[in-house]
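For clarity, every value in this text was computed on a predicted model and none was experimentally measured. In listed order, ligands and their atoms are each counted from 1.
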Amino acid sequence: MARVKARMKVGVVISGRGSNLQALIEAARDPDYPAEIVLVVSNVPGAGGLARAEEAGIPTETLDHRGFAGRAPFEDALTRTLERAGVELVCLAGFMRIVTEGFIARWHDRLINIHPSLLPAFPGLDTHARALAAGVKLAGCTVHFVRAEVDHGPIIGQAAVPVLPGDTEETLAARVLAAEHRLFPFCLRLVAEGRVRVAGEVAEIEGLGPPDPPLINPAPR
Ligand code: GRF
């Protein structure tokens, strides 16, 4: 049966290779997926993700932040670009600029980010090197609503992966990235279906099934 409900219009903002963007593109190919990507914006000219969007027939824009007189004018232009495309929700997918309060307020609870750690552990850069140095046994990724403090905000979902003996930054990053590609489309689905409500600074999710069994590392066997 044809889908009757309008799909949520999503803009994806990137700076790089766009593998998370690709995961969102793949998910949104399903006409039953509740969100459609109407625009991809990069602040880096020639970013790999732009080609992925073009390949999928999604409109793209490049807004090179270096061409603006500061963060505020850049973010104003970004907001105007997203609004022109009718964007209702913004996904930051490897966007490597800090966003300021004005932009966050404009898109309050309509701006989500993926971060490659189990927040609130390891906000900021070099998450995998820091996880290895700390000796954590589980690493992972987080999708959250964006707040003014970097890599903070109501958590929509998290995926955990084991840290294995002999892991390097690269092997751990690859394992986390594979989890990101599952987590981000799922979290976007939850938001687009209207199943996520922010109460206080906690995101509450409606209608979830029973959780998976615990991931224990080292595995007790
Ligand atoms: C991902 O690890 C994401 O969590 C972080 O930046 C990286 C982007 O990778 N915010 P890609 O451009 O999606 O491949």
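Taking all atoms of both residues into account, the shortest heavy-atom contact from L24 to F184 is CD2-C, 3.9 Å.
The line from CD1 of I25 to OH of Y33 is 12.0 Å long, rounded to the nearest 0.5 Å.
Polar contact with ligand 1: present for S19 (N/O pair, distance under 3.5 Å). In terms of polar-atom proximity, defined here as any N/O pair under 3.5 Å, I114 does make such a contact with ligand 1.
Judged by distance alone, the side chains of E61 and T81 never bring a donor and an acceptor atom under 3.5 Å apart. With no hydrogens or angles considered, a side-chain donor-acceptor pair links S117 and H115 at under 3.5 Å. The closest side-chain donor-acceptor pair between H181 and S19 falls under 3.5 angstrom.
Of all atoms in ligand 1, listed by their number and element, those nearer than 4.0 Å to a heavy atom of G94 are 6 (O), 8 (C), 10 (N). For ligand 1, the atoms sitting less than 4.0 Å from at least one non-hydrogen atom of P116 are 2 (O), 4 (O), 5 (C), numbered in the order shown with element in parentheses.
Protein heavy atom nearest atom 9 (O) of ligand 1, with residue, atom name and distance: R17 NH2, 3.3 Å. If you check which protein heavy atom lies closest to atom 13 (O) of ligand 1, you get N20 N, 2.8 Å. Protein heavy atom closest to atom 4 (O) of ligand 1, with residue, atom name and distance, is E180 OE1, 2.7 Å.
With a 4.0 Å heavy-atom cut-off, ligand 1 is reached by no atom of M96.
Tested against T60 for a side chain to side chain contact (heavy atoms under 4.5 Å, CB included), the candidates V12, I14, L39, L50 yield a single pass: L50.
In this structure, G18 is part of the shell of residues with a heavy atom less than 4.0 angstrom from ligand 1.
Ring geometry, F95 versus F74: the interplanar angle falls under 30°, so the pair is classed parallel (tilted spans 30 to 60°).
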